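Keep in mind that this is a model prediction, so the values were computed, not measured. In what follows, chains are A, B, ... by sequence order, proteins preceding strands, each numbered from 1. These numbers come from the heavy atoms of this one structure, side chains and all, not from hydrogens, waters or symmetry mates.
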Amino acid sequence: GQNIDQPTEMTATEGAIVQINCTYQTSGFNGLFWYQQHAGEAPTFLSYNVLDGLEEKGRFSSFLSRSKGYSYLLLKELQMKDSASYLCAVRDPYGGSQGNLIFGKGTKLSVKP
Amino acid sequence: DTEVTQTPKHLVMGMTNKKSLKCEQHMGHRAMYWYKQKAKKPPELMFVYSYEKLSINESVPSRFSPECPNSSLLNLHLHALQPEDSALYLCASSQESGVYGTQYFGPGTRLLVL
């Protein structure tokens, strides 16, 4: 089967650091993606991990451990505009979607002053 | 440039209407996708086109009919929709389908069926 889990909601303070976790169980694995989605808007690509380790891109970093089926998205120096849903998505080449993305339900992050 | 455009931004239609959603990309991507997203839910894959051919249809009702006139354009024809079809319809594209390429999403069409 295919399952992707992430927390439903998180709250953090402006200027702080927040870590959003994602765990997955899939038939196969060919990459994990993080997308940001503001309410009523389209998902925006943030990061891609296919090998273990940390990928850093400005204030955003993403980590992957394939052996643990685990990833996290780290947001530093939080800004109010970071309030959004963060979607974890896995590419499973052996899954029913023929290698296309399987999305988690998303984590709604609220950044407070 | 990673831009995917979609028109219209908003659409209201009755259950007997016929309408079309349009999607365009000029990144040379060979895979294009339609997703449906309900409020507070993740996107659900509907169709995948690879090299202008339909490669995936995720058991979508026939009242949704996709069309790929060329490698840059993707349409979704709508006919006899139901109120529960009201949702945000997202188009995406990637260099290839399947195990390669990052998907980039368009801004979406917010559809309301009355």
Mind checking the [atom1]-[atom2] spacing from [X] to [Y]? Nearest 0.5 Å is all I need.
X: B:Q37; Y: A:F103; atom1: CD; atom2: CZ; result: 8.5 Å
X: B:Y104; Y: A:T44; atom1: OH; atom2: OG1; result: 11.0 Å
X: A:L46; Y: B:T102; atom1: CG; atom2: OG1; result: 11.5 Å

Please indicate whether B:K41 has more than 12 foreign heavy atoms, meaning atoms of other residues, nucleotides or ligands, lying under 6.0 Å from its NZ. no

Verify the neighbour count for atom NZ of A:K68: are there more than 12 heavy atoms of other residues, nucleotides or ligands below 6.0 Å?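 Open.
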
What are the residues of residues 104-113 of chain A, in order of number, with any heavy atom under 4.5 angstrom from a heavy atom of chain B? A:G104, A:K105

Any residues in residues 77-87 of chain A near chain B, with a heavy-atom distance under 4.5 Å, and which are they?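 From residues 77-87 of chain A, the residues near chain B are A:L87.
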
Linking I/L/V/M/F/W/Y whenever any side-chain heavy atoms sit under 4.5 Å apart, do [X] and [Y] land together?
X: A:I20; Y: A:V90; result: yes
X: B:I56; Y: B:W34; result: no
X: B:V60; Y: B:M15; result: yes
X: B:L21; Y: B:Y35; result: no
X: A:L64; Y: A:I102; result: yes

Please check if the distance between the ring centroids of B:F105 and A:F45 is under 6.0 Å.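 No.
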
Quick one: which of B:A92, B:P43, B:C91, B:G108 has the most heavy-atom pairs under 4.5 Å with chain A, could you say? B:P43

Less than 4.5 Å apart, side chain to side chain, heavy atoms only: is that true for A:Y35 and B:Q103? yes

Which heavy-atom pair separates A:E41 from B:L88 by the least distance, and what is that distance? O-CD2, 4.0 Å

On a heavy-atom basis, which atom in A:A42 and which in B:P107 lie closest, and how many Å separate them? CB-CA, 3.7 Å

Under 4.5 Å heavy-atom distance to chain A, tell me which part of B:E44 shows up: side chain, backbone, both or neither.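 Contact with chain A involves no heavy atom of B:E44 at all.
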
